J.: 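For reference, the structure I am asking about is given below.
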Amino acid sequence: MNVLLIGGSGFIGSHLKDRLVAGGHRVRSLDRVPERFRSDPPQVEHLYGEVGNEALLDAALAGIDVVLHLAWCTVPKSAEDDPTFDIQSNLILTTEILKGVVRHRVPHIVFFSSGGTVYGPAAREAIPETHPTQPICSYGVTKLAAEKYVAVFARRHGFRATILRCANPYGERQDPRGAQGAITVFLHRAACGDPIRIWGDGDVVRDYIHVDDLAEAVAASITATPASLRILNVGSGQGATLNLVVSQVRAACGRDIETIHEPGRAVDVPWSVLDIRAAARELGWSPRVELLEGVSRTWAWICREDLRPTASR
Ligand SMILES: NC(=O)c1ccc[n+]([C@@H]2O[C@H](COP(=O)([O-])OP(=O)(O)OC[C@H]3O[C@@H](n4cnc5c(N)ncnc54)[C@H](O)[C@@H]3O)[C@@H](O)[C@H]2O)c1
């Protein structure tokens, strides 16, 4: 298949390139920048620039069978700080991509949504795709709005759409200095000898999925014959408290790490674990990387790389 990754230089896109090339696909990537933590792989065709550049987007979409829409300009923290930018950047780039998909009659788009934010508060049981969506943060609202645009365009123009509501991916090549990805950030702080800062008492529960497991699900989602519109949760299906994550980080590093507790944030739901049975059924997929194994692999990567606090892109 001819696959286009929009936002292919980011954390998840970087892993998808490897997985899709290994699966025999022809892969093209459009991003405003090259990859951050390695040279762009030569087996992938790379185009650089903005989604908003229509000529460039048209060149990227030519001859493509499936578009993976990964481009996003905010994380939950930055979206909360500036909801106007969150809307203006992400919703407009999404509709530009959708208009391009229509122009080029691309038969299938996969959109990366957020299983951790679109549902909002939930009872302490695995959240199915049919759960009400009541996001309590800007990032979740914008992701949900983008999902709706994908659905509207897909129905109106007759292309297939897969919406993947991703849990909390982590792993190698996630920016350890970023504002997203507790595991990688904690490991980096441990490597630097810095204390780990935790919002609240550490009882917040999240569903952490190693990026290799996410990449397997995505690879399955582009080859499995999709319905016209399907929405799938992709996570580990397991809950872990931040306190458990800290203990796994300590075990992977083999050192004691100081923790500092700060006040909890209103935008964090206390509990988010995804019900992944639909993805398992429809994609013939299941996650394989146990939390300690994934944390240990990420630790090994951080130790290999030059990720001192002063290093920058
Ligand atoms: N990482 C997570 O924890 C997580 C969780 C759930 C969902 N997601 C979603 O998955 C997708 C990929 O996540 P990621 O962690 O790889 O993000 P990332 O920030 O690492 O990568 C996104 C890429 O999109 C590119 N981009 C943004 N706007 C662009 C534009 N206008 N034109 C061209 N390129 C543009 C950026 O340069 C970046 O390389 C995003 O949509 C994200 O919201 C991520």
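What you are looking at is a predicted structure, and each value in this text was computed from that prediction instead of being measured.
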J.: Tell me, yes or no, whether the heavy-atom count around E290 atom CD, taken from other residues, nucleotides or ligands under 6.0 Å, exceeds 12.
T.: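 Result for CD/E290: open.
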J.: How close do G140 and P135 get, heavy atom to heavy atom, and via which atoms?
T.: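 For G140 versus P135, the nearest heavy atoms are C-CB, 3.7 Å.
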J.: One pair to check against salt bridge (Lys or Arg N to Asp or Glu O under 4.0 Å): K77 and D82. What are the steps and the verdict?
T.: CA-CA 9 Å; K77 165 93 175 66; D82 190 349; over 6 Å; no
J.: Would you say that R124 contacts V205 through its side chain, given a criterion of any heavy-atom pair below 4.5 Å between the two side chains?
T.: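 Side chain of R124 against side chain of V205, heavy atoms only: contact under 4.5 Å found.
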J.: Could you measure the distance from the CG atom of D86 to the CG atom of L91? Nearest 0.5 Å is fine.
T.: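 Going from the CG atom of D86 to the CG atom of L91 covers 7.5 Å.
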J.: Atom CD1 in I136, atom CZ in R265: separation rounded to 0.5 Å?
T.: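 Here the rounded value is 10.5 Å.
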J.: Taking all non-hydrogen atoms of both residues, which atom of L98 and which atom of F159 are closest, and how far apart?
T.: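 Scanning both residues, the minimum pair turns out to be CD2-CZ, 4.0 Å.
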J.: Take the angle between the ring planes of W72 and Y139 and call it parallel below 30°, perpendicular above 60°, tilted in between.
T.: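 Perpendicular, since the angle between the ring planes exceeds 60°.
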J.: One thing to verify: whether E147 and R165 come together as a salt bridge, which I'm taking to mean a side-chain N less than 4.0 angstrom from a carboxylate O.
T.: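 Salt bridge flag = yes for E147 with R165.
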J.: Do you know which two heavy atoms are closest between P287 and G235, and how far apart they sit?
T.: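 Taking P287 first and G235 second, the nearest heavy atoms are CG-O, 3.8 Å.
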J.: Do you know which two heavy atoms are closest between A240 and Y208, and how far apart they sit?
T.: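 Looks like O-CE1, 3.8 Å.
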J.: For the residue pair H210 and Y170, categorise the inter-ring angle as parallel (less than 30°), tilted (30 to 60°) or perpendicular (more than 60°).
T.: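 Aromatic pair H210/Y170 classed perpendicular.
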J.: Can you tell me how far OG of S138 sits from CG of D81, rounded to the nearest 0.5 angstrom?
T.: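 Rounded to the nearest 0.5 Å, the CG-OG separation comes out at 10.0 Å.
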J.: Ignoring hydrogens and geometry beyond distance, is a side-chain donor-acceptor pair present between H157 and K99 at under 3.5 Å?
T.: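 Looking only at side-chain atoms, K99 and H157 do not form any donor-acceptor pair under 3.5 Å.
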J.: With sequence neighbours excluded, what pairs up with H104 under the side-chain hydrogen bond (donor to acceptor under 3.5 Å, both in side chains) test?
T.: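 Result, side-chain hydrogen bond (donor to acceptor under 3.5 Å, both in side chains) vs H104: D58.
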J.: Can you tell me how far CG of L61 sits from CG of L47, rounded to the nearest 0.5 angstrom?
T.: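 It is 10.0 Å, given to the nearest 0.5 Å.
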J.: Compare every heavy atom of N243 with every heavy atom of I198, then report the nearest pair and how far apart it is.
T.: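 Closest approach of I198 to N243, heavy atoms only: CD1-OD1, 4.4 Å.
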J.: Between D212 and R19, does at least one N-O distance fall below 4.0 Å, as a salt bridge requires?
T.: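 Between R19 and D212 there is no salt bridge, as every charged N stays at least 4.0 Å from the carboxylate O atoms.
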J.: Does any non-hydrogen side-chain atom of Y119 lie less than 4.5 Å from one of L274?
T.: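 Counting from C-beta outward, L274 and Y119 do come under 4.5 Å.
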J.: Should the pair D213-R288 be classified as a salt bridge under the 4.0 Å nitrogen-to-oxygen rule?
T.: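 Salt bridge between D213 and R288, a charged N being under 4.0 Å from a carboxylate O: no.
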J.: Below 4.0 angstrom, N of the basic side chain to O of the carboxylate: do E35 and K17 qualify?
T.: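 Salt bridge: yes.
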J.: With side chains defined as the heavy atoms from C-beta onward, is the minimum distance between V273 and I127 less than 4.5 Å?
T.: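 Result no, sub-4.5 Å side-chain heavy-atom pair not found.
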J.: Report yes if some heavy atom in the side chain of R206 is under 4.5 Å from a heavy atom in the side chain of V269; otherwise report no.
T.: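 With C-beta onward as the side chain, the pair touches.
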J.: For residues S14 and R173, is any side-chain donor paired with an opposing acceptor at under 3.5 Å?
T.: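 Yes.
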J.: Counting neighbours of CZ on R38 that are heavy atoms of other residues, nucleotides or ligands and sit closer than 6.0 Å, is the number greater than 12?
T.: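 Check passes, neighbour count above 12.
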J.: Which heavy atom in S9 sits nearest to a heavy atom in S29, and how many Å separate them?
T.: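 Between these two residues, the closest heavy atoms are N-OG, 4.1 Å.
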J.: How long is the span from the CG atom in L232 to the CG atom in D275, to the nearest 0.5 Å?
T.: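 That separation rounds to 11.0 Å.
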J.: With no hydrogens and no angle check, do the side chains of T184 and D175 hold a donor and an acceptor under 3.5 Å apart?
T.: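 Per modelled atom types, T184 and D175 side chains form no pair under 3.5 Å.
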J.: Enter the distance from F186:CZ to C253:SG here, rounded to the nearest 0.5 Å.
T.: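 Answer for the CZ-SG pair, F186 versus C253, is 11.5 Å.
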J.: Side chains of I6 and V51, heavy atoms from C-beta outward: is any pair under 4.5 Å?
T.: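 Side-chain contact under 4.5 Å: yes.
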